[in-house]
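Take a look at the structure below.
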Amino acid sequence: MLRRTLISGISVLGLLLCLGCSYDEDNVNIEGITGEIEEIKEDSFLIQGSDIEVDLKYTSDTVFNGKERSKFVIGDKVKTWYASQPLESNPLQATASKIEFIE
């Protein structure tokens, strides 16, 4: 009886540890803006979408698809994903989890 209780307790503890250490990737990759790069700064792109503008900061964790970060130029069309909800400002400010070159 004691052995059975001990094994059950260890199993539940292991399950809780696994759940606590994992994260939901969907929360990290919020679909962002698709638009054209208007300005390139040292650590961000200013991107103009169809009806919104975003100052999109990139970090060492940002994934770049289609081009290396240093190869992006003004006028490139990109699709973006945010690492968290954008800050309400003008323009919006967000941190990129992913930036994909479209054309």
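Count residues from 1 along the sequence. All of these numbers come straight from a predicted model, not from anything done at the bench.
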* Calculate, to the nearest 0.5 Å, the distance between atoms CZ and CD1 belonging to Phe72 and Ile37 respectively. =>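 Taking CZ in Phe72 and CD1 in Ile37, the distance rounds to 6.0 Å.
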For the student: nearest non-hydrogen atoms of [X] and [Y], plus distance:
| X | Y | value |
| --- | --- | --- |
| Glu36 | Gly75 | CG-O, 3.4 Å |
| Lys41 | Asp55 | NZ-OD2, 3.7 Å |
| Ile30 | Gln85 | CD1-NE2, 3.5 Å |

* Asked: Counting only N and O atoms by type, is there a donor-acceptor contact under 3.5 Å from the side chain of Gln48 to the main-chain atoms of Ile52?
  ->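 Yes, the answer is positive, given that a donor and an acceptor are paired below the 3.5 Å cut-off.
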* Asn29 backbone acceptor or donor facing Ser97 side chain under 3.5 Å ->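 Such a contact is absent between Ser97 side chain and Asn29 backbone.
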* **Pairs touching residues 83-103 that satisfy ring pair (Phe, Tyr, Trp, His ring centres under 6.0 Å), sequence neighbours left out** =>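 Qualifying pairs, neighbours excluded: none.
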* To do: Verify the neighbour count for atom NZ of Lys67: are there more than 12 heavy atoms of other residues, nucleotides or ligands below 6.0 Å?
  =>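 Buried by this count: over 12 neighbours within 6.0 Å.
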* Once the angle between the rings of Phe64 and Phe45 is folded into 0 to 90°, is it parallel (under 30°), tilted (30 to 60°) or perpendicular (over 60°)? ->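 Aromatic pair Phe64/Phe45 classed perpendicular.
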* From Thr80, Thr62, Asp61, Asn65, residue fulfilling side-chain contact (heavy atoms from CB on, under 4.5 Å) relative to Lys98 ->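 Answer to the side-chain contact (heavy atoms from CB on, under 4.5 Å) test with Lys98 among Thr80, Thr62, Asp61, Asn65: Asn65.
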* Run through Leu92, Asp76, Leu56 and flag the one making a side-chain contact (heavy atoms from CB on, under 4.5 Å) with Ile47. =>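 Per the side-chain contact (heavy atoms from CB on, under 4.5 Å) rule, the option paired with Ile47 is Leu56, out of Leu92, Asp76, Leu56.
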* hydrophobic_cluster_shared for Tyr58 and Ile74, side chain cutoff 4.5 Å ->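 In one cluster with Ile74: Tyr58, yes.
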* Close side-chain approach of Pro91 and Leu46, heavy atoms under 4.5 Å ->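 The answer is yes; the side chains approach within 4.5 Å.
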